2 protein chains.
Amino acid sequence: MEDQEIRKAGLKVTVPRVKILELLETSPERHVSAEDVYKMLLAAGEEIGLATVYRVLTQFEAAGLVEKHHFEDGYSVFELNKGKHHDHIICVTCGRVEEFVDETIEKRQRIIAEELGFQISEHELVIYGKCLDKNCDCKKRGD
Amino acid sequence: MEDQEIRKAGLKVTVPRVKILELLETSPERHVSAEDVYKMLLAAGEEIGLATVYRVLTQFEAAGLVEKHHFEDGYSVFELNKGKHHDHIICVTCGRVEEFVDETIEKRQRIIAEELGFQISEHELVIYGKCLDKNCDCKKRGD
DNA sequence: GAGTGAATGCAAAAGCTTCTCATCTATTGG
DNA sequence: CCAATAGATGAGAAGCTTTTGCATTCACTC
């Protein structure tokens with residue numbers, strides 16, 4: 001299970017690494033900060049230091065197991081790498097994050113980069129807006 | 001000149017504000033960090049505190065005079081608001097920033113937001129890549 | 001030109017993230 | 001199964017960017 005992925009990444013299979021990977025795979029919220037992970041581990045009764053959480057997430061990122069994003073709040077969020085690229089749309093009211101992929105946008109980006117003489121290594125598109133879903137928690141709470 | 005814009009923003013016309021706005025208008029690099037601004041002011045012989053630079057830039061942003069962006073390096077960069085929205089492509093080698101606008105991408109974003117039930121307030125698209133321009137400083141330096 | 005509310009500078013503090021280092025642990029070979 | 005060792009961890013210190021508190025100074029109004 002998780003052990004193999006960690007081993008494949010060239011890392012020793014340790015309790016913190018297994019627990020963090022497990023947590024990323026089972027968390028209801030895919031996009032979590034290091035602090036979130038730390039708190040969830042504490043809540044689950046795991047004694048794992050915040051520094052370790054940062055180290056492990058960084059290693060997982062280097063190994064391609066997770067992706068790191070910089071949304072507008074100043075801290076980073078991590079998510080399990082599902083293998084397929086996608087962009088994000090975030091509700092400025094409730095913070096809900098939705099993912100999407102649009103081949104038209106992807107294609108235009110490649111064309112633009114070429115026109116400007118760049119060789120794309122990656123890109124990050126984030127749309128901010130208000131989610132209009134009546135059933136969203138932020139509507140029920142009225143914030 | 002600058003005085004009017006500052007006054008229009010509902011702010012008193014002070015030396016720090018005028019100097020910072022001047023600097024943003026004349027700087028060869030459009031995208032600057034607070035630290036950059038601070039250092040440029042020092043270099044120009046101005047005695048303006050870093051805290052003031054942050055405060056002024058934040059006020060300018062609130063007033064719509066400048067825009068703040070979060071690229072991948074952990075700190076924020078500011079640029080003069082020219083009025084028309086644009087996205088960025090950044091060279092991961094030399095840090096050069098180019099701006100672009102693509103109506104196709106803009107349109108797709110509006111459609112995606114609508115489909116997902118969001119009302120767009122803003123968005124940020126950043127493409128990272130290597131610039132292939134032989135004349136770019138980063139090529140000449142060979143980094 | 002005086003009065004007042006806002007702006008500034010400095011230092012301290014606050015977030016997030018990384019580093020240091022002593023201690024502990026997973027892995028390997030015997 | 002155990003010892004040796006390279007690597008991992010935890011706790012706190014430190015680093016960076018950004019914000020805040022407060023006494024002082026300044027811009028605008030009358």
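Lettering follows sequence order; numbering is per chain, from 1. The model shown is predicted, which means the values in this text are computed figures rather than measured ones. We use all heavy atoms of the structure for the numbers below, so side chains are in, but hydrogens, waters and symmetry mates are not.
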Detail all sub-3.5 Å separations between protein N/O atoms and N/O atoms belonging to nucleotides 25-28 of chain D.
| unit_1 | atom_1 | unit_2 | atom_2 | d |
| --- | --- | --- | --- | --- |
| D:dC28 | OP1 | B:Arg7 | NH1 | 3.3 |
| D:dC28 | OP1 | B:Val13 | N | 3.0 |

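As rounded to whole Å, 16 Å separates atom C1' of D:dT24 from atom CD of B:Glu47. B:Glu61 has its CD atom 12 Å from the P atom of D:dT18, to the nearest Å. Distance, A:His70 NE2 to D:dT17 C1': 14 Å, rounded to whole Å. B:Arg17 has its CZ atom 11 Å from the P atom of C:dG9, to the nearest Å. The nearest whole Å value for the distance from the OH atom in B:Tyr38 to the P atom in D:dT17 is 13 Å. In this entry the distance linking CG of A:Asp3 with P of D:dA8 reads 15 Å, nearest Å. Atoms CG (B:Leu42) and P (C:dG9) sit 11 Å apart, rounded to a whole Å. For the pair B:Lys19 NZ and C:dT8 P, the interatomic distance rounds to 14 Å; values are reported in whole Å.
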List, one per line, each side-chain donor-acceptor pair under 3.5 Å for residues 37-54 of chain A, sequence neighbours excluded.
| unit_1 | atom_1 | unit_2 | atom_2 | d |
| --- | --- | --- | --- | --- |
| A:Thr52 | OG1 | A:Arg55 | NH2 | 3.3 |

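In this structure, the side chain of A:Arg17 does not engage the main chain of A:Val56 through any donor-acceptor pair within 3.5 Å. A donor-acceptor pair is defined here as one N or O able to donate and one able to accept, closer than 3.5 Å; no such pair exists between the side chain of B:Arg7 and the backbone of B:Val13.
Annotation: A:Lys84, atom NZ; neighbour count of heavy atoms from other residues, nucleotides and ligands within 6.0 Å does not exceed 12. Surrounding CD of B:Glu72 are more than 12 heavy atoms belonging to other residues, nucleotides or ligands, all under 6.0 Å away. Around CD of A:Glu25, the count of heavy atoms belonging to other residues, nucleotides or ligands within 6.0 Å exceeds 12.
Taking the six-membered ring where tryptophan is involved, the planes of A:His88 and A:His31 are perpendicular, since the angle between them exceeds 60° and thus also 30°.
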Can you build the contact string for nucleotides 12-18 of chain C? Use B for base contact, S for sugar-phosphate-only contact, and - for no protein heavy atom under 4.0 Å. ----SBB
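A:Ile127 has its side chain out of reach of B:Leu125: every pair of non-hydrogen atoms, C-beta onward, lies at least 4.5 Å apart.
With respect to A:Asp87, the side-chain contact (heavy atoms from CB on, under 4.5 Å) criterion is satisfied by exactly one of A:His123, A:Glu99, A:Glu98: A:His123.
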